[in-house]
**Q** 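One structure follows; several queries about it will come next.
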Amino acid sequence: MTNATTAGSKANEGGGKFRNTMLYVRQHWQLYVLFIMPAFLMTIIFRYIPMGGVLIAFEEYNPFRGILGSQWVGLAHFQRFLSSPDFMRYLTNTLKLSVFGLLWGFPAPILLAFLLNRVLSTKLKQKIQLILYMPNFISVIVLCGIVRILLSPTGLINMALGTNWNFMTMPAAFRTIYIASGIWQGAGWGSIIYTAALSNASTDLKEAAVIDGANIIQQIKAVEWPAIKDTVLIQFIMSVGNIMSVGFEKAYALQTDLNLASSEIISTYVYKVGLLDGNYGFSTAVGLFNTVINVILLISMNEIVKRMNDGKGMY
Amino acid sequence: MSEVILKDIKKVYENGYVGTHDVNIKIKDKEFIVLVGPSGCGKSTTLRMVAGLEEITDGELYIDGQLMNDVAPKDRDIAMVFQSYALYPQMTVYQNMAFSLELRKLPKDEIDQKVREAAEILGITQFLDRKPAALSGGQRQRVAIGRAMVRDPKVFLMDEPLSNLDAKLRNQMRAEIIKLRQRINTTFMYVTHDQTEAMTLGDRIVIMKDGYVNQIGTPVEVFNKPVNLFVAGFIGMPVMNFFDNCKLLLEDGVYYAEIRGVKFKLSDFQQKALKANGQQACDIIAGIRPQHISVGEGELTAKVEVSEMMGSEYNIHARSHDDEVVMVVPTVGLDTDVSMGATVQFTTEPDLIQLFDKESGNNLIWYDEASVAANEPVCKSYDF
C-alpha cells in the first residue's frame with residue numbers, strides 16, 4: 001500500500017513537472033518559435049527538400065524535363081552498377097581505403113592527445129598544438145601537390161632513400177600515401193576534441209593514481225581513457241558511418257592512370273560518370289547505394305557499441 | 001616509527017609565488033596533526049609536498065628518518081584521501097580499493113583479505129560491487145578512506161576530506177575518523193579550513209597564513225594561548241571580540257588592561273608573565289572570547305542589535321561604542337533582557353583577556369620569539 005502510494009505520488013510528481021513545463025512553453029510560445037524556427041527551416045530547406053533529388057537515381061534523368069518529367073527506370077541503374085565488371089573493384093578499393101584509413105587514422109589523434117596531455121609546460125603545449133593544427137588549413141589540392149612533389153622521382157623522399165621510384169604510379173603505394181598524408185594533415189586537428197575531453201580528467205584522480213603507484217600506461221588506462229572513452233566511441237561510430245564516404249577530391253587529385261587499379265573508388269567513379277559523362281541518373285544511383293551502406297553501418301555499429309558500453313551509444 | 005619531519009620546507013612556484021616559507025614541523029609517530037588556515041595559506045601545498053605531488057623547492061622532508069625529497073610518491077609509503085574522493089568511476093568499490101595493491105602485485109587472496117577487512121571496518125561491505133556513481137557522498141568518502149587504509153601506510157594524508165559533505169554528514173564522518181584513528185593507529189596529516197574539524201580531530205594543530213606557520217599547539221593551547229591576532233581570530237567560534245585602542249597600564253608595578261575606560265586588574269599569572277617579559281605600558285588590542293563574557297554585570301555597556309536563540313545559549317550581537325561585540329550567553333539562569341534593542345551591561349574575568357601588541361599584533365604573554373625565530377612558533381611556556 002505504502003509502495004503503491006509512493007509510486008503513485010512519484011508518477012504524479014513527474015506528470016506535474018511535465019504539465020508545468022508545457023504550461024510554461026505555451027505561455028512563451030513566441031520565444032520558442034523564434035528560437036527553433038531558423039534551425040527548423042534550415043534543416044527542411046537544405047537537408048530534406050534536396051532529398052527529393054534521390055528520385056533521379058530511379059530515372060533516366062534529363063535536365064530539360066526535370067525530375068518529375070524524366071523517364072522512370074526503377075532499379076535499372078542499380079542493376080547496371082551492381083552487375084558491372086568493375087563494381088567489385090570499386091567497392092573493394094573504397095572499403096580498403098576506408099577501413100585501413102580508419103584503422104590507422106582513427107587512433108592517431110587519440111595517441112597525440114595523450115601525448116599532448118603529458119606536456120606540462122602550457123606554453124610549450126600551445127606551440128606544439130599550433131604546429132600540429134596548421135596542416136589542417138592546407139587545402140586538399142595543395143596537400144596533394146606537396147605529396148606529389150615530395151614523392152616525385154626527384155623529390156625529397158627519393159633523395160633521402162637514394163632512389164628514383166615514381167611512387168605515384170605504383171598502385172601498391174597509393175593507399176599508404178593517401179592514409180599517411182591524411183594522418184599528417186588531420187591528426188593534429190582531430191586531437192582537439194580528445195584534448196578537450198582529456199581536460200575533464202580529474203587532477204585528483206591522476207594524483208591518486210600516481211600515489212597508488214600507477215605508471216604512465218596504467219594512469220592512461222585508469223584515469224585518462226575513461227575520461228575520453230565516450231567521446232572516442234561516438235567519434236568511432238560516426239567514422240564507421242562515413243566509411244563509404246571517402247571524398248573524391250583527394251583520391252582524384254592523387255590519381256594517375258597507372259595507379260587506377262587501387263585509386264579508383266566509388267566517389268571518383270560517381271564524379272566521372274555523373275559530372276564528366278553527364279550520366280546523372282546512374283551516378284545518383286551509385287551515390288545512393290553508397291549512402292544506404294553508410295546508414296546500415298552507422299546503425300549496426302551504434303548497436304554493437306551500445307551492447308559493449310553499458311547501453312551508451314550515439315543515440 | 002613513522003615520524004614525519006619537515007625541515008625548512010619552502011615552495012616557490014615557477015612564477016615566483018612563494019607557497020610556503022621555511023615550514024618546520026615535527027610530527028611524532030602516530031600523532032594526528034591538523035594543518036588549518038584560510039584559502040591560500042599553504043596548508044594543502046605542504047601536504048602535497050609530503051605526498052610528493054609537489055616538488056620541494058628548498059628544505060628537507062623526512063619520513064621515518066629517511067630523506068624523501070626525491071623519492072617517488074608511490075615509494076613514500078603514504079596514502080592520501082582527497083577532497084573529491086578521487087575514486088576511479090569505471091571501477092567498482094572493490095576494484096578501487098584493490099587497485100594500489102594490484103599494482104604492487106600482491107597475491108590475490110591477500111588483496112581480497114585486506115579489502116574485505118577495510119570494508120568491514122568502514123561498513124561498506126555491501127557496496128563492494130557497486131560503482132562510485134551509485135554511492136552517496138558519505139559512502140564515497142568511506143571508500144576513499146578504505147582505499148588508503150588497505151595500503152597500511154606509514155603516514156595517512158587527508159586533504160579536506162569532509163569538505164564536500166553536508167553539515168550533518170560531516171559531523172558523522174568526523175566522529176568516524178576519530179574512531180578510525182583509534183583503530184589503525186598511524187601518523188595522520190590532515191588539512192582543513194574548518195577550525196571545528198581541526199579542534200576536534202587534532203592532537204596538535206598547525207595554523208598557517210600566507211605560507212607561514214603562525215602557531216603549532218594542542219587545541220587547548222591554540223584556543224587559550226593564541227600567539228597573535230590571526231590565531232586568536234581564526235580559532236574559536238564565534239570569532240574573538242577585539243577591542244582596538246585599549247591600553248596596558250603599569251601603575252606601581254601592577255598591570256591593568258584598560259578597555260573603553262574600564263580598568264581590569266590583571267591576574268597574578270598575567271602580572272608575573274608580563275613582568276618576566278619586561279613589558280612596559282603600551283597601546284594594546286584586547287581580545288575577549290564571546291564565551292568569556294558575562295552579561296548583566298560590569299561597567300561596560302552595549303546595545304543588543306541581534307539576539308539569536310541557539311537553544312542552550314543566546315548568541316548576542318551588540319554594539320558597544322564603535323565596537324561590535326558578540327556574546328555567548330547560557331539561557332539557563334539568564335535574568336537579563338537580551339532582546340533586540342535592549343542595553344546590557346557586560347564584563348569578563350581579567351585572566352581571560354588576551355593582550356595583543358597594537359603594532360605587531362603579537363600576544364604580550366604567549367608570543368615566543370625564540371620559537372618564531374626557529375620557524376616553529378609555539379606559545380611561550382612559563383615556570384610559574
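We name chains A, B, ... by the order of the sequence lines, and we start the count at 1 in each one. Predicted model only: the values in this text are computed from it and were never measured.
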**Q** Parallel, tilted or perpendicular: which one describes the rings of A:F236 and A:F106, with boundaries at 30° and 60°?
**A** perpendicular

**Q** Quick one: are B:I33 and B:V206 in side-chain contact, heavy atoms under 4.5 Å?
**A** yes

**Q** Given heavy-atom pairs under 4.5 angstrom as the criterion, report whether the side chain, backbone, both or neither of B:L87 touches chain A.
**A** backbone

**Q** For A:A209, is it the side chain, the backbone, both or neither that has a heavy atom under 4.5 Å from a heavy atom of chain B?
**A** both

**Q** Please check if the side chain of B:N69 supplies one atom and the backbone of B:L61 the other of a donor-acceptor pair under 3.5 Å.
**A** yes

**Q** Is it true that A:H28 and A:Y24 have ring centroids separated by less than 6.0 Å?
**A** yes

**Q** Are A:S181 and A:K250 close enough, and set up right, to give a side chain to side chain donor-acceptor pair (under 3.5 Å), and what steps lead you there?
**A** CA-CA 10 Å; A:S181 61; A:K250 193 174 163 190; 3.0 Å; yes

**Q** Is B:Y88 close to chain A through its backbone or its side chain, or both, or neither, when contacts mean heavy atoms under 4.5 Å?
**A** both

**Q** Strictly distance-based, threshold 3.5 Å: is any side-chain N or O of B:K43 a donor or acceptor partner for the main-chain N or O of B:G37?
**A** yes

**Q** Tell me if a side-chain donor or acceptor on B:T186 pairs with a main-chain N or O of B:K154 at a distance below 3.5 Å.
**A** yes

**Q** So which of B:D159, B:D75, B:I78, B:L103 has the biggest tally of heavy-atom pairs under 4.5 Å with chain A?
**A** B:L103

**Q** Heavy-atom pairs under 4.5 Å with chain B are the metric here; pick the option from A:D204, A:V210, A:V223 that has the most.
**A** A:D204

**Q** Between chain A and each of B:S84, B:A51, B:A72, count heavy-atom pairs under 4.5 Å; write down the option with the most.
**A** B:S84

**Q** Heavy-atom pairs under 4.5 Å with chain B are the metric here; pick the option from A:A214, A:S202, A:A227, A:A208 that has the most.
**A** A:A208

**Q** Against chain A, label B:R48 side chain, backbone, both or neither, depending on which of its atoms sit under 4.5 Å from a heavy atom there.
**A** side chain

**Q** Picking from B:R104, B:M91, B:R147, B:E14, which has the most non-hydrogen pairs under 4.5 angstrom with chain A?
**A** B:R147

**Q** Given heavy-atom pairs under 4.5 angstrom as the criterion, report whether the side chain, backbone, both or neither of B:R151 touches chain A.
**A** side chain

